[in-house]
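Data first, discussion second: the structure below is written as structure tokens.
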Amino acid sequence: MSQFRLSRRPDIGEKIRVSFEFFPPKTDDMERKLWETVQRLEPLAPQFVSVTYGAGGSTRERTERTVRRILNETSLTPTAHMTCVDAPRSEVDAVIRAFADMGVRRFVALRGDPAEGVGAAYRPHPDGYANGAELVAAMRAIGDFDISVSAYPEKHPESPDFATDIDMLKRKVDNGATRAITQFFFDNDVYERYVERARRAGIYIPIVPGVLPVHNFKQVANFTSRCGTHVPAWLAERFEGLDNDPQTHALVASAVAAEQVLDLVERGVGDFHFYTMNRADLAVAICHMIGIRAQPVAASMAAPNAA
Ligand code: FAD
């Protein structure tokens, strides 16, 4: 992708479905900001919104609380992320059941990263699930859920090669995954090649591109080196000199993400997952550019047994 290609098809928004990812807030202030974001994104009628899950009990509780609030106070369909980190199977199964009792029907099943952070060697809990594929199987055994899994267009940093990486995705699909959501990427050719590889391996579930609007290029550049995403030189050039110019940075970020998404639309992609970082502005702008318009918000549908 090197050029700006603006699609002008008037019906473009009708074909496109979006989902939004949030992380559970740690403080009251973060909670208030997340809620403003949720309220701004709700009228865009996403297919679902997902809430990430961290290692350790405290983040698990925050994920549960955020998912419960989405269920109780909005018309949105929540998806709960879950990982296998530092927990025996019995505990993971209990969390799946607790979410199901709350009214959750959608999950993102992940292995997760070690508590020491990305890059440290992953050691499964002795009685735990070893990877995303095992967690998918556990969820399938518990209920008829919609189960998303991760996919890595530039391969997971721990995968020695693409064959191993695709093989792991295949195991997740064979165990019952219904959709893959990709790690963010900036080069659409890389995504297209990965989807082709997956199709050749007999993987036919949707592989939904995960799009990261670049709220802070410096932070993104730091993180990419750890998660295996390549930052193309042209992207670094676009943000060069904008560290202390937030307005221009935001305008450039919006243009960059719209360019990426519109190019993917032209390649036939219809579903997008946005890593919102709990911020609405860029996601709203990009959705607008792909033709998604605010809908009247339906009355909240609280789960019958929600607190
Ligand atoms: P898996 O798919 O289980 O494995 C990843 C790779 O490890 C495989 O491709 C394979 O190469 C290797 N591997 C694992 N097991 C084996 C094996 N037995 N044999 C050979 N190779 C193996 N992290 C969080 O902590 N919380 C979140 O909410 C969260 N949400 C995410 C959402 C998305 C859409 C994505 C893409 C990532 C998310 N992550 C999250 C990050 C994720 O936890 C990390 O990338 C983690 O390092 C791998 O988890 P996974 O489920 O992708 O692993």
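Just so we're clear, the structure is a prediction, and the values are computed from it rather than from any experiment. Residues: numbered from 1 along the sequence shown. Just follow the structure's listing: the first ligand is 1, and inside any ligand the first atom is 1. Values below: every heavy atom of this structure, side chains too, minus hydrogens, waters and symmetry copies.
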Per atom 29 (C) of ligand 1, closest listed option by heavy atom (T52, D167, L110, I166): L110
Atoms in ligand 1 flagged as close to Q183, the criterion being non-hydrogen separation under 4.0 Å: 36 (C)
Under 4.0 Å to a heavy atom of S150 - the qualifying atoms of ligand 1, by number: 2 (O), 35 (C), 36 (C), 50 (P), 51 (O), 52 (O)
Proximity flag Y275 to ligand 1, non-hydrogen atoms under 4.0 Å: yes
same_hphob_cluster(V136, I207) at 4.5 Å side-chain heavy-atom cutoff: yes
Residues R32 and E36 bridged, charged N to O under 4.0 Å: yes
Carboxylate-amine/guanidinium contact R238 E259, below 4.0 Å: yes
Distance-only N or O hit between ligand 1 and D113, under 3.5 Å: yes
R17 NZ/CZ over F272 ring centroid, <6.0 Å and within 45° of normal: no
Any N/O pair G132/ligand 1 closer than 3.5 Å: yes
Enumerated ligand 1 atoms positioned under 4.0 Å from heavy atoms of N131: 3 (O), 15 (N), 18 (N)
Close approach of G112 to ligand 1, heavy atoms, under 4.0 angstrom: yes
Y122 heavy atom under 4.0 Å from ligand 1: no
Sub-4.0 Å heavy-atom contact, M82 with ligand 1: no
Minimum non-hydrogen distance to atom 8 (C) of ligand 1, winning option of E21, R111, M168: M168
Atom indices of ligand 1 within 4.0 angstrom of T83 heavy atoms, with elements: 24 (C), 25 (O), 26 (N)
Residue part near ligand 1, for K155, under 4.0 Å between non-hydrogen atoms: neither
Note: D165-K155 ion pair, threshold 4.0 Å (strictly below): no
Centroid-centroid distance, H249 to F239, less than 6.0 Å: yes
NZ/NE/NH1/NH2 to OD/OE distance under 4.0 Å, E158 and R111: yes
Within residues 88-98 or reaching into it, pairs that qualify as side chain to side chain donor-acceptor pair (under 3.5 Å) - sequence neighbours excluded: R60-E91, R89-E134, D93-Y129
Numbering as shown, the atoms of ligand 1 that approach I181 to under 4.0 Å (heavy-atom distance): 34 (C), 36 (C)
Within-cut-off N or O pair, Y152 and ligand 1, under 3.5 Å: yes
Those atoms of ligand 1 less than 4.0 Å from some heavy atom in S159: 8 (C), 9 (O), 10 (C), 11 (O)
Contact check: E158 vs ligand 1, nitrogen or oxygen atoms, below 3.5 angstrom: no
Under 4.0 Å to a heavy atom of Y53 - the qualifying atoms of ligand 1, by number: 24 (C), 25 (O), 26 (N), 27 (C), 28 (O)
Derivation and outcome, salt bridge (Lys or Arg N to Asp or Glu O under 4.0 Å), residues R267 and D189: CA-CA 10 Å; R267 293 173 192 233; D189 290 342; 2.9 Å; yes
Qualifying residues under salt bridge (charged side-chain N to carboxylate O under 4.0 Å, His left out), relative to R279, sequence neighbours excluded: none
For E31, the option from K26, R69, R62 that meets side-chain hydrogen bond (donor to acceptor under 3.5 Å, both in side chains): R69
